Amino acid sequence: MFPSMLVRDSLSAALAVSLLAFGASAGAQDPAEGEEALNMRLVGYSDLQGRSAYQPIIQRQGDRWIAYIGHHAGSGRNPLTGTDEGNGTSVVDVTDPQNPRYVAHIPGDPAKGAESEAQMVRTCSGSDLPEGVDGSMYLLRAVGRSGHDIWDVTTPEQPVLVSEMERNVLRDTHKSWWECETGIAYLVSGVEGWAPRRMTQLYDLSNPAEPRFIRNFGLAGQQPGAPGHDEMVRYDLHGPIAVGNRIYFGYGTFLDGVVQIVDREKLLRGNPAVENPFEPTDENLNYPVITTMFTGPRLGAHTVFPVLGIEVPEFAANSEGRTRDMLLVVGESLRNECLENRQMMYMVDITDETRPWPVGNFQVPEASGSFCERGGRFGTHSSNENMTPIYYGRVVFLAYFNGGIRAVDIRDPWSPREIGHYIPAINERTTQRCINVEGAERCKKAIQTNNLEVDDRGYVYAVDRANTGLHIVELTGSAREVANFQ
């Protein structure tokens, strides 16, 4: 037997044990059966109770590694409790990535039934938060129109509600950001009166039990009563990422993207030249802004991920410009079977923050897998956001819907190139994706890799929008050599 066959056989055996641990039948489909892979290998799998998944994050808690996974609206049976529960947050112990253990499900809003959701999750340690309880772990969730809440997940199997914010007063919530060292949270919310369905609410969550509102923020012209208010409706905020004294905002996931770089200190301090520095006026909203870049009508800005201090190998012999700061911008594909503009990843040079400039892009050729014919969405959705030194500035992973996981070498931002991919197989839990063809509905089952994240060990965690589950993978071969596993 060849070594590669030994690896596959032992992996399949481990996955079979994992499936049985979930209470699945011995005849459950091997998750590796039907996969497509290049320089990536399946390590472990969880069915996530068949729930449509949005965002995974992986948190080290002592000697354990715990994955917290947000879910889209829906409901399903929780075998741990024996009851039907509205979708919320899956809690999975991935200490042994070959044998992930589903340890808890936190419903979204029980009053919502099948509309229950909690798409976005973030974690902070009480030891990091200025007023947190030392040794505790906290989970921040976006719970759809029900608002935001915080849970104590120090014991992952026994989550405890700590506090709630904006309960049942918001039009929407989504992909928030939480600074653990300061406790400042940038909550993506839909506040009544603002033009778009999503903008930013700043909260001080340094004490998770006592949330403190700071201010509302968005693009100038989106605030209540602003001239041209209706023209700003289309620029929905998707989410921010904060690094140092900068916050990188992405608006418009699919069309009409906007990339904004904001001075964090000015945003938190407010405009000192006016009596009410946080009043949402054009002047106050523009005060902390360093630059605003409109992508154009056909590109979105779903994810805006800063990759700072790249030493570009091609420029090593140049006397200037060898080190560059980049923004990796990813648009979201929204429509099934390519009935839309193609979305992709592109690199924006922000070495001079006031004059951002796109320099390169990456996309998967459709013909490489006849992806438009497979069903479901094809194109980018998001990238990883963990800045582990294993991958930062070297490799980025993209969630590509029916194109699976794409590993991209970004060391030369002018010419990003694929170095590996993993497309999971559909299974008995995978739901159909439909389009209308001449008045009749046509449906197909397709993998829909929705979001992904990496942990500080180098594993990649990808979750599926079409209920297929969680796939844990790793780089192999020449792709692994690009990363920094030292």
Side-chain angles (χ1 to χ4, degrees), residues 52-55 70-74 87 115 117 119-120 142 144-145 171-175 188 190 195-199 232-239 249-259 294-305 328-346 361-366 369-383 385 397-406 423 426 430-437 441-452 462-468:
S52 175
Y54 180 72
Q55 179 67 37
H71 290 287
H72 290 288
N87 286 359
E115 297 301 316
E117 62 179 330
Q119 294 184 23
M120 188 58 210
R145 295 180 182 180
R171 291 186 289 165
D172 201 2
T173 58
H174 207 49
K175 201 168 186 177
V188 178
R197 65 189 175 108
R198 295 197 295 251
M199 33 69 75
M232 301 300 289
V233 169
R234 65 182 183 271
Y235 301 116
D236 279 339
L237 173 67
H238 185 265
F249 289 94
Y251 296 81
T253 64
F254 167 59
L255 301 172
D256 299 311
V258 180
V259 173
F294 291 81
T295 66
R298 293 182 176 85
L299 291 174
H302 175 284
T303 303
V304 179
F305 180 60
L328 186 147
V329 182
V330 184
E332 177 184 8
S333 298
L334 282 180
R335 299 173 186 160
N336 296 332
E337 300 193 31
C338 300
L339 300 177
E340 60 179 350
N341 293 300
R342 180 72 54 83
Q343 295 297 313
M344 62 189 70
M345 178 202 89
Y346 50 103
N361 61 48
F362 168 82
Q363 61 176 316
V364 174
E366 190 278 332
S370 300
F371 292 105
C372 290
E373 300 174 6
R374 293 192 180 199
R377 305 184 195 184
F378 167 63
T380 51
H381 186 191
S382 62
S383 72
E385 296 178 356
F397 297 92
L398 302 177
Y400 229 93
F401 289 116
N402 68 12
I405 306 164
R406 298 287 160 161
I423 305 177
I426 61 173
T430 308
T431 56
Q432 293 182 330
R433 292 296 184 261
C434 303
I435 62 172
N436 187 285
V437 180
E441 191 174 58
R442 184 179 75 194
C443 301
K444 299 177 182 178
K445 276 191 173 185
I447 205 71
Q448 294 286 267
T449 299
N450 204 24
N451 276 288
L452 49 74
V463 297
D464 190 71
R465 193 183 192 99
N467 304 30
T468 309

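Numbering starts at 1 and runs along the sequence shown. These figures come from a predicted structure and were not determined experimentally.
For T380, the side chain to side chain contact (heavy atoms under 4.5 Å, CB included) partners are V330, Q343, L398, Y400, not counting sequence neighbours. In this view, R342 satisfies the salt bridge (charged side-chain N to carboxylate O under 4.0 Å, His left out) rule with no residue, not counting sequence neighbours.
With hydrogens and angles disregarded, a donor-acceptor distance shorter than 3.5 Å links the side chain of E366 to the backbone of C372. A side-chain donor-acceptor contact under 3.5 Å links E340 to the backbone of R335. Remark: side-chain polar atoms of N450 are paired, donor with acceptor, to backbone N or O of A53 under 3.5 angstrom.
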Check the pair T253 / D236 against side-chain contact (heavy atoms from CB on, under 4.5 Å), numbers first and verdict last. CA-CA 8 Å; T253 64; D236 279 339; over 6 Å; no
Could you walk me through whether Q55 and Q119 pass side-chain contact (heavy atoms from CB on, under 4.5 Å), step by step? CA-CA 6 Å; Q55 179 67 37; Q119 294 184 23; over 6 Å; no
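Side-chain contact check for N87 and H72: no donor-acceptor pair (N or O, by modelled atom type) lies under 3.5 Å.
Here the options are T449, N451, T303, the test is side-chain hydrogen bond (donor to acceptor under 3.5 Å, both in side chains), and the partner is S382; only N451 passes.
Counting non-hydrogen atoms of other residues, nucleotides and ligands closer than 6.0 Å to CD of E115 gives a total of 12 or fewer. Within 6.0 Å of CZ in R298 there are 12 or fewer heavy atoms belonging to other residues, nucleotides or ligands.
We find that E332 and R377 are joined by a salt bridge, their nearest charged nitrogen and carboxylate oxygen being less than 4.0 Å apart.
Taking the six-membered ring wherever Trp is involved, the centroid distance between the rings of Y235 and F249 does not fall below 6.0 Å.
Classified by interplanar angle (parallel below 30°, tilted 30° to 60°, perpendicular above 60°), the ring pair H174/Y54 is tilted.
The minimum heavy-atom distance between F371 and G403, with the atom names listed, is CE2-CA, 3.7 Å.
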